[in-house]
2 protein chains.
Amino acid sequence: MSRPTVNDIAREAGVSLATVDRVLNARPGVRGKTITAVNEAIARLGYVRDMAAANLARSRRYPMAVFLPDGGGQFVQTVADALDEAAQQAAATRTEMSLIRYPAGDTHHLAALLAGVDPEAVAGVALMAPETPVLRDAVRALRARAVPVVALASDLPNAGCDHFIGIDSRAAGRTAGVLMGRFLGARPQRVAVLAETMLLRDAIERRRGFDEVLQADFPLVEVLPTLETHGATEALRRGLAEILTGTDLGGIYLLGSGHRALTAALEGMGLLGRVVVIGHELTKASRAALESGHIHAVIAQNPGHLARSTLRVLRAKADRQPIDEGQEQLRIDIVIRENLPA
Amino acid sequence: MSRPTVNDIAREAGVSLATVDRVLNARPGVRGKTITAVNEAIARLGYVRDMAAANLARSRRYPMAVFLPDGGGQFVQTVADALDEAAQQAAATRTEMSLIRYPAGDTHHLAALLAGVDPEAVAGVALMAPETPVLRDAVRALRARAVPVVALASDLPNAGCDHFIGIDSRAAGRTAGVLMGRFLGARPQRVAVLAETMLLRDAIERRRGFDEVLQADFPLVEVLPTLETHGATEALRRGLAEILTGTDLGGIYLLGSGHRALTAALEGMGLLGRVVVIGHELTKASRAALESGHIHAVIAQNPGHLARSTLRVLRAKADRQPIDEGQEQLRIDIVIRENLPA
DNA sequence: CGGTTTTTGAGGTACGCACCTCAAATTCAT
DNA sequence: ATGAATTTGAGGTGCGTACCTCAAAAACCG
């Protein structure tokens, strides 16, 4: 017994090959009754489309465009690398990718780039960007031109994207909160929260999740107001010093990037390894800090998974095919020194 | 420009299609000089053989056989389900899978099954089994008959498998150890270790990793000898009670399965939620226990990833193609209530 | 040099599917 | 019932490769 083919379906359903083809590829001009009959035959025979052959026959290409902020920190670079690697693999299914960088934060620039996307030349768009009104409109316009759009890492809930690929920031914050609470133990302690900026939705959501958990489950822990560093190492150092004059510090929660700066500041203060530090995203810096014991846990999303998921989802959207939610669901990874991936 | 094809190579090398084909498929009847010329043309054009088209032309199928223990606990069932799902997906690339169960622990039976594998009818074999001499020989014999073999979840280091798909048990144990140490805090505490049996390599390795970490980094924690329950709820209850008469218990490390029994025993003793419990593998039982706060962390490997990886690796081996190590590397997942996947 | 062996070329069929065209059959509305 | 619209069938071509046959060309041998 070999696998059933389209011919077998045609015979089984009592229709012609052309009709089976119309049903399989959702082409118009088939009665509902016939569609049902064909689908039943498909189910009866357990037919599975041979994607390799299908793609070969189509000789269709899937040029995808991915927009990433330029200079958005280590994490962005990690994602870019993962995307490049995923693209190499995906080339086997004629999925191509061009990575386009835009000045970080300049959503006007990005919106202009999106406006210039040619639906003929681009089968799908993925973007990592903060949500602004300009960008929201740009995404809407793109989708109106039938270009699938997915949000990467940071959701754009009101832009009407086809999909969001990333983890729930609030849940990630909750996870960080539980770890912080447990690592601190059952004594009264204070926790500082650091962020480059609180303007990004992600940071706000993480902080919210973090607070929720600590308030509910670890009442002995006091979470201090967020210290915004705006990327300035000096501001970080000063802020930390100020906090430390008033009181003892049990832990530090790093909402965004800045592992390197934090490590430097802590070293200067002789605090390295004496404070529980929990951060986000696995980058070269945070990995090194984990390895040397300077930070204790990182909440991360697997960049490889993120990248492959992005291309798969865009491909599915381009073909108007359903998405395997289970496979595309990104997990909230907890990374400590002992389970650092090689 | 699109990808070069065999025709492009023929033109570039100044030979005919037939000759290119002979070179590509290592057929005889070509002068060394010509072979070199063709290979140079291939290199110059950066030709990559389209395996999809090649296999289509060969109309090759990939029937894989996966052997799982019967009655090996919830985890095995979880893996089986994941494999079924992965097989459905993989069917699109003519990869088929048959799941074969053997009596858990009966490696003689399994060895007999492996001896009966027909290399013509099976493109690859995956198996989850403890390593025994009989099995080792059976695996060697299979590989001698040119059937790729991969080990699933539990490694068979001396059987000469083509690949191991799973996580490093020792590292998993270390991860559990760090979490236990941190969750317990900086007070002197005792930790009980439970296992159904210590005959399996996995359990031994986990325990070793666990001990290593606690000895080195958490000297205040005393790890008690392993309590083997042999699957008997009553033995578990008695053993725990015995431990509790002597001393206070800070934590419990569950080396293998048995979440349900442990929860029941703890409930009977009024200890639910008052002891730090860390276990392995995410199953229905351990998930429920995490949700209700009865256990605090689970060290797991993603069964979906494991399943997809298994089929991908077997397929690559069958085609004698290289493996994307990055993609096949399973992560050691730390799962707590807050990052339970949906 | 002729004869033999080896190498090469030309061309075809097949794999499973997509996509196209044109005509025939069926259904629908009036 | 009649014409129009819709639905279906038949058949073809091509995707990139494998594998086959037969004849032509080239290389080799003594």
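Every chain is numbered from 1 and lettered A, B, ... according to where its sequence line falls, protein lines coming before strand lines.
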Notebook entry, point to check: Salt-bridged, B:Arg60 to B:Asp319, with N to O below 4.0 Å?
Noted result: yes
Next item on the list: With B:Arg315 as the cation and B:Tyr62 as the aromatic partner, state whether NZ or CZ is under 6.0 Å from the six-membered ring centre and within 45° of the axis.
Entry: yes
Notebook entry, point to check: If you look only at pairs with a residue in residues 136-145 of chain A, which of them pass as a side-chain hydrogen bond (donor to acceptor under 3.5 Å, both in side chains), with sequence neighbours excluded?
Noted result: A:Arg143-A:Asp162
Checklist line | Contact letters for nucleotides 4-19 of chain D, in which S counts primed atoms plus P, OP1 and OP2 and B counts the base, heavy atoms under 4.0 Å | finding: ---SBBB---BBBBSB
Item checked: Close side-chain approach of B:Asp333 to B:Gln301, heavy-atom, < 4.5 Å -> no
Next item on the list: Calculate, to the nearest 0.5 Å, the distance between atoms CG and CD belonging to A:Leu306 and A:Glu328 respectively.
Entry: 10.5 Å
